[in-house]
Structures are given as structure tokens and as C-alpha cells.
**Student:** 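Below are the C-alpha cells for one structure; questions will follow.
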Amino acid sequence: KYDIKGRVPATFYNPIYYSVFINIIFIPTLYLIYTKNFNKLIGFLILLANACGLILTFTRSGILIFFAILIGVIIFFRKLIFNKFSILTITICILLMFIIPGSKDVTLNAFQNAFSLFSTNTEQIENELENNENIDYSIYHRKEFLKITYEIIKDNPFAGVGFGTYIDYMNSNDFTINYPDYKFSKTHPHAGFTLLTAETGIFAVAFFILFIIIIAFYYLKDFIFYFKAKSDKQSPILVALLISSGFLVINTISENLIYDTQIFLIFLAIISIFYNLAKK
């Protein structure tokens, strides 16, 4: 569809997780390069390599989050790190998304599908399928995966089907008996919190969300304190908050990153390091 030769996963489980890794480290790297005594040319090459890596994953959610985080940087860090060199770096990174073969179409399609994920109803897609119209099967299937997960949650609201056993349940006789009309792939929904609810129930997920809220409370409390004191210590905490926002949004609408020990531990490490950087 996009005339690309392949997608780059690097050492990660798949290209999507590699794109998330780059989104986790790009802004911290940008912050450290342009606020610390770091060689700007080497910093430029590091950021350029990361941008190329992100593009070569050809991952729409990763590209969307990248732009969202950049908007946050423009709003909150314009006085701190915005100089001619950093502006040039970011501009070149964005231009690459329209230069590397296939990346332009993927980038534009990412924004188009961001709206489709929320706006297009299943009946409309089925009509397009019958008429052989050019539709995005990925969006169609994701909606169906979510629909069956909501049914499973409704039927198992308190204990779920068992942590880590979602696919086992889908391959069981119970699933076949309870949901005989399901005709799509037996795979996870692309939404981490929804999957967690189906496996562990609403109470377990409520406690997990409470855990996240408590962390966010401490971050926001210290950010406001440093902001009122006009201290630069607010900036590392803001880096952690920006990364966390993008990470949680992806887990809510498109991926299951909280299940991946490789990505989730890197995420926790990065936001902890930047929080402690401010506190120190």
C-alpha cells in the first residue's frame, strides 16, 4: 500500500514497540543535549538517527505521538531549548517524514486514521467492504477486537478471565460456546487497559489506575511548586509528564505496552530518572 520494502523492529518485539522506545527517549535526549554541556553535532546526529529509526518503523501511532510530544515541547520548552540549532534539528527530523520513500503516505494516513478510529462505525465499513471500496482493514479489525473484548468484560466484570490468559480463553470451548458469531482473528485488543480489564476485572484495573494517578499527583505537585518558584527544576519533571502522557494515550487506544517488560521497564526508568534529576 505504501510502496515500502519493510519495517524496522531493531531489537524489539515488533516495529511498533521500537517506535514507542524512540518516543520515550527522543525528548529526554533533546532536553539533555540542549541544556547540558553536550557536543551539539553529536547530539544532532543522535536525534537524526532516532528520527530515521522512527520513520522506518512505519508505525502510525508512533508518528502521531511523536508530533503530539513535539507540540508539548514547543509549548513548554520554547524558552529553554529553542535556539537555531534545536529548531533546525527538529525541522529536519520532520522533513524526513516526507522525504524517505513511503513515509509521506504513512504520516498523512496516520492523521487520517486517528479520526477514523473514533468516527467510523462498523456498519459503514461493512458497506464499504461489500462495495469493494479501498478501506483500512487495520482499523476495521481493531474495532472488532475491541467489540469482543467489551463483551468478555461485560460477562466477566469482577475477576476477568485470568491474568495473561486472554488468548487461552479465546481458544477455549467456553469462548466458542459463548460467542459463536465471532469470526475474526483470536488475538488481543489493541488497547492495554481494555485488555487488562478483560483479564483481571474492573477492581484490579481500578487499583492500577489509582497507582498511576498517585504517581502523576506527585509529579504535578512538584512541577507546580518549581513553576511558582521560577526554578528550572520544573523542566525535568515536565519531560517525564510529556512522555507519560504519550505512553498512556497509546495504551488506551492502540497498543498493549504495559504488558511488555522491555518497553514498560524502560518507560518507568526514564520517568524516574528525570523526576530524581529535578529532586536532586
Side-chain angles (χ1 to χ4, degrees), residues 12-17 19-20 24 59-62 64-65 113-127 129 135-217 244-268 271:
F12 289 85
Y13 175 69
N14 62 33
I16 296 172
Y17 286 24
S19 74
V20 173
I24 290 174
T59 302
R60 292 168 296 188
S61 58
L64 284 173
I65 294 300
N113 284 346
F115 297 105
S116 299
L117 195 62
F118 298 102
S119 62
T120 307
N121 61 54
T122 307
E123 290 182 4
Q124 177 185 337
I125 297 178
E126 288 175 348
N127 290 332
L129 278 171
I135 70 161
D136 193 313
Y137 285 89
S138 175
I139 297 293
Y140 177 48
H141 289 157
R142 281 171 184 252
K143 285 179 176 291
E144 293 299 326
F145 298 156
L146 278 173
K147 280 174 62 178
I148 192 62
T149 309
Y150 292 145
E151 291 295 319
I152 293 172
I153 292 172
K154 186 174 70 174
D155 295 336
N156 305 272
F158 303 116
V161 296
F163 186 57
T165 66
Y166 187 84
I167 298 300
D168 292 333
Y169 177 72
M170 292 194 88
N171 290 322
S172 69
N173 291 330
D174 286 346
F175 180 85
T176 304
I177 294 169
N178 293 332
Y179 312 102
D181 296 330
Y182 184 73
K183 57 184 178 181
F184 298 90
S185 301
K186 293 183 177 180
T187 189
H188 302 101
H190 292 71
F193 289 105
T194 306
L195 175 58
L196 194 61
T197 307
E199 289 191 346
T200 64
I202 56 177
F203 293 121
V205 170
F207 279 110
F208 184 66
I209 292 174
L210 180 62
F211 162 71
I212 294 172
I213 291 173
I214 290 171
I215 294 176
F217 170 77
S244 300
S245 299
F247 188 84
L248 292 175
V249 166
I250 284 188
N251 273 284
T252 303
I253 65 172
S254 63
E255 302 302 336
N256 303 315
L257 304 172
I258 55 177
Y259 276 78
D260 185 79
T261 53
Q262 190 178 20
I263 284 292
F264 196 38
L265 293 179
I266 290 172
F267 164 71
L268 293 177
I271 65 171

**Student:** For residues 187-214, run the donor-acceptor check on the side chains, cut-off 3.5 Å, and write out each pair with its distance to 0.1 Å, sequence neighbours left out.
**Tutor:**
residue	atom	partner	partner atom	Å
Thr197	OG1	Phe193	O	2.7
Glu199	OE1	Gly164	N	2.7
Glu199	OE1	Tyr259	OH	2.9
Glu199	OE2	Tyr166	N	3.2
Thr200	OG1	Leu196	O	2.7

**Student:** Just jot down the side chain to side chain donor-acceptor pair (under 3.5 Å) partners of Asn171, sequence neighbours excluded, or say none.
**Tutor:** none
**Student:** With rounding to the nearest 0.5 Å, note down the distance linking CD1 in Ile148 to OG in Ser185.
**Tutor:** 12.5 Å
**Student:** When you check the side-chain N and O atoms of Tyr179 and Asp174, is any donor under 3.5 Å from an acceptor?
**Tutor:**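 No, no side-chain donor-acceptor contact under 3.5 Å.
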**Student:** Just how far is it from atom CG of Leu248 to atom CD1 of Ile258, taken to the nearest 0.5 Å?
**Tutor:** 9.0 Å
**Student:** Between atom CD1 of Ile152 and atom NZ of Lys147, what is the distance when rounded to the nearest 0.5 Å?
**Tutor:**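 The distance works out to 13.5 Å.
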**Student:** Hey, could you give me the CD1/OG distance between Ile250 and Ser19, rounded to the nearest 0.5 Å?
**Tutor:** 6.0 Å
**Student:** Give a yes or no answer on whether the side chain of Asn173 reaches the backbone of Thr176 with a donor-acceptor pair at less than 3.5 Å.
**Tutor:** no
**Student:** For the pair Tyr169 and Phe175, name the ring-plane relationship: parallel under 30°, tilted 30 to 60°, perpendicular over 60°.
**Tutor:**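 Perpendicular.
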**Student:** Drop me the distance from Asn256's CG to Ile16's CD1, to the nearest 0.5 angstrom.
**Tutor:** 9.5 Å
**Student:** Tell me the closest heavy-atom pair linking Ile65 and Gly246, and the distance in Å.
**Tutor:**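 Heavy atoms only, the tightest pair is CD1-O, 3.8 Å.
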**Student:** Of all the heavy-atom pairs spanning Val161 and Thr165, show the shortest one and how long it is.
**Tutor:** O-OG1, 2.8 Å
**Student:** Which distance, rounded to the nearest 0.5 Å, do you find between the CD of Gln262 and the CD1 of Ile266?
**Tutor:** 5.5 Å
**Student:** Evaluate the side-chain contact (heavy atoms from CB on, under 4.5 Å) criterion for residues Met170 and Tyr182: first the C-alpha distance (whole Å), next the side-chain angles of each, then the deciding distance (0.1 Å), finally the verdict.
**Tutor:** CA-CA 10 Å; Met170 292 194 88; Tyr182 184 73; 3.8 Å; yes
**Student:** Considering only residues two or more places apart or on different chains, which pairs with a residue in residues 245-267 satisfy salt bridge (charged side-chain N to carboxylate O under 4.0 Å, His left out)?
**Tutor:**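 For residues 245-267, and leaving out neighbouring residues, the salt bridge (charged side-chain N to carboxylate O under 4.0 Å, His left out) pairs sorted by first residue read Arg142-Glu255.
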**Student:** State, with a plain yes or no, whether a side-chain heavy atom of Tyr13 is found less than 4.5 Å away from one of Ile263.
**Tutor:** no
